[in-house]
Amino acid sequence: MRTEATTLLVIGGGPGGYVAAIRAGQLGIPTVLVEGDRLGGTCLNVGCIPSKALIQAADEFERARRHAGTSPLGIRAAAPELDLPTLLDWKDGIVARLANGVAALLKKSGVEVLHGRATIVDGKTVDVVDAAGETRRVGCAHLLLATGSQPAALPGLPFGGAVVSSTEALSPPSLPRRLVVVGAGYIGLELGTVYRKLGCEVAIVEALSRVLPAYDPELTRPVASSLRRLGVDLHLSCAVEGWDGGAGVLRVKGADGVAFDLAADRVLVAVGRRPATSGFGLESLRLAMAGSAVRIDAECRTSMRDVWAIGDLTGEPMLAHRAMAQGEMVAEIIGGARRRFAPAAIPAVCYTDPEVVVAGESPDDAAARHGEITSAQFPLAANGRALTLEAADGFVRVVARRGDHRIVGWQAVGRGVAELAAAFAQSLEMGAVLEDVAHTIHAHPTLGEAVQEAALRALGRALHA
Ligand code: FAD
Ligand code: NAD
């Protein structure tokens, strides 16, 4: 068996692991990164990037279809047709380009990449088996676990055949006539909307009483209305009872307790993801756990000395930008810096139509935490740019402490509002007060003006509403 030694060994080449490795390499820390599948992890290969590519394509397709009808913009076009293989090639091309970029960045930083499956021997030793079956043993001073997460399956509805996870739904061999999506969270809504816009009949079955139940009802109401407008069949407060693959029928228990059947050619199960903690010897380290995730402290240290963990493996929020920020920080700490993972906010965006973006505290959370708060929202219907984008549905909301006007949260729903996440997160991280945003000149006409107007309104002096 070949053996080697390094200072930092990273297991997992997703956004957490590859960013940690790049930063460590830049700092001159001898670093080995082990990836068992494809560099870029879930995010790049079967997550954030391919899903956003399909969302863009589905939006374009639907827009073209609207122009083929009676477009209020006066554009007359023929009904569009979809060439699915070309669409998937385009999406895969974007993924490949970014994955090549990650490989080049790792190389430039001097990181040694081992393609193979890692198995933990102990906290300082890992075996890597490559595609040819050869094993290499790597010893390390620091072990960074960044193995990510996997789709959660439902009992009675195992993945296989017509029952798919987001991974298969992102590369469909054909479009189903009737898709049933189980779970109205991020994945269910993003991909359910894609399939609907591409022409499939889509039904969504959700256990709770609202779509995107993690967000406040006012924020998600425009999303539910838009889904209904698109013709998505929403079944809320429902439980899946079983799947008859032969008949292509999903049995569902309705909110009233009465069971009914939904016919489906394909079923997308999107009921959350589980930290990837098994199958590579992690159990042998007997790390302290937080539920199904590896427990970490504010420096991303696990309960074992010099064993670190980041990203989805460490639980919610399972977001790529959180994994990247943790990875960068761990590399810096190993390099000698004093850092803590204590962001003022980790923004989250759901790429529904309209998009939802949140950063910091909701009005309810803020009231519970700070007592006296002020909250104001500005409707996009009063924003000129939103009207020219046909995006009048939605609003921007600010939440601040009443006493000192310190901003503690932002929420927005509307087409194109994802890009406001940067302004939201920056104002929170910099400790802005309402006056800072209200007195900042925002370019006209932009959606960003709604951010300024929300702050003005919270101060009781909105100009345009
Ligand atoms: P991962 O990206 O899961 O990477 C882990 C890597 O470790 C994998 O490449 C895996 O092959 C490798 N690995 C695991 N075990 C071993 C082993 N034993 N040996 C070698 N290698 C191993 N997040 C957002 O912020 N925005 C989005 O828009 C977004 N969209 C998403 C859409 C979908 C459909 C999905 C599924 C997820 C989406 N996410 C999004 C979530 C995001 O993809 C994850 O939060 C992110 O990828 C987590 O990064 P990670 O580095 O922790 O793990
Ligand atoms: P999720 O947690 O967002 O949503 C799961 C949904 O399934 C919830 O609404 C839940 O109530 C519902 N559910 C659970 N059990 C059910 C059951 N038995 N029957 C019916 N409904 C049930 O999870 P997801 O959509 O699978 O996404 C997984 C993770 O991936 C997310 O937590 C997120 O962190 C990440 N992600 C992020 C983005 C983004 O940032 N835009 C996009 C996709 C995925």
Side-chain angles (χ1 to χ4, degrees), residues 10-20 33-52 54-55 114-120 126-129 145-157 165-167 169-170 181-192 204-215 235-241 252-253 268-282 309-324 326-327 346-352 355-357 418 421:
V10 183
I11 304 181
Y18 85 70
V19 165
L33 172 77
V34 189
E35 172 52 59
D37 195 348
R38 286 183 288 171
L39 285 175
T42 302
C43 166
L44 194 43
N45 296 291
V46 291
C48 322
I49 299 301
S51 60
K52 270 74 244 179
L54 292 189
I55 287 167
L114 298 182
H115 294 279
R117 182 106 191 127
T119 301
I120 294 169
V126 166
D127 282 350
V128 181
V129 182
L145 307 170
T147 52
S149 63
Q150 282 149 358
L154 277 181
L157 201 57
S165 74
S166 54
T167 299
L170 289 166
V181 178
V182 183
Y186 281 89
I187 293 176
L189 293 195
E190 288 188 358
L191 294 185
I204 301 183
V205 178
E206 164 61 44
L208 300 180
S209 60
R210 297 190 290 115
V211 301
L212 290 176
Y215 296 145
H235 299 278
L236 304 173
S237 306
C238 287
V240 172
E241 296 212 310
V252 179
K253 189 157 99 187
L268 165 60
V269 177
V271 294
R273 292 177 63 87
R274 300 241 176 287
T277 51
S278 60
F280 61 100
L282 181 70
I310 55 174
D312 286 9
L313 177 67
T314 62
E316 296 286 349
M318 293 194 189
L319 296 171
H321 40 284
R322 168 178 173 260
M324 291 192 225
Q326 290 176 320
I346 300 175
V349 176
C350 190
Y351 289 83
T352 35
E355 295 163 355
V356 176
V357 49

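Both counts, for ligands and for their atoms, begin at 1 and track the order of listing.
Across Ala320, Gly148, Ser149, Gly41, heavy-atom proximity to atom 53 (O) of ligand 1 is greatest for Gly148. For atom 28 (O) of ligand 1, the nearest non-hydrogen atom from the set Glu35, Gln326, Lys52 comes from Lys52. Closest to atom 52 (O) of ligand 1 by heavy atom, among Leu54, Asp312, Ile187, is Asp312.
Under 4.0 angstrom from ligand 1, there are no non-hydrogen atoms of Pro50. In Ile11, the part holding a heavy atom less than 4.0 Å from any atom of ligand 1 is the side chain. Heavy atoms of Thr147 found under 4.0 angstrom from ligand 1 belong to the backbone as well as the side chain. At a 4.0 Å heavy-atom cut-off, ligand 1 touches Ala118 through backbone and side chain alike.
Every heavy atom of Val240 sits 4.0 Å or more from the atoms of ligand 2. The shortest heavy-atom distance from Pro213 to ligand 2 is under 4.0 Å. A heavy-atom separation below 4.0 Å is found between Ala270 and ligand 2. In this structure, Ala276 has no heavy atom closer than 4.0 Å to ligand 1.
The Glu316 neighbourhood of ligand 2 comprises atoms 32 (O), with distances under 4.0 Å to a heavy atom of that residue. Ligand-side atoms of ligand 2 in range of Glu190: 39 (C), 41 (N), 42 (C), range being under 4.0 angstrom from any heavy atom.
When only non-hydrogen protein atoms are considered, atom 7 (O) of ligand 2 lies nearest to Gly183 CA, 3.3 Å. The shortest contact between atom 14 (C) of ligand 2 and any protein heavy atom is with Val271 CB, 3.7 Å. When only non-hydrogen protein atoms are considered, atom 30 (O) of ligand 2 lies nearest to Arg273 CD, 3.8 Å. From the protein, the heavy atom lying nearest to atom 40 (C) of ligand 1 is Cys48 SG, 3.1 Å.
Here's the thing with Leu319: one of its N/O atoms is less than 3.5 angstrom from an N/O atom of ligand 1. Checked by distance only, ligand 1 and Ser166 stay at 3.5 Å or farther apart across all their nitrogen or oxygen atoms. For a threshold of 3.5 Å applied to N or O pairs, the pair formed by Tyr351 and ligand 1 contains no separation below that value. Polar contact check, Cys43 against ligand 1: a nitrogen or oxygen pair lies under 3.5 Å apart.
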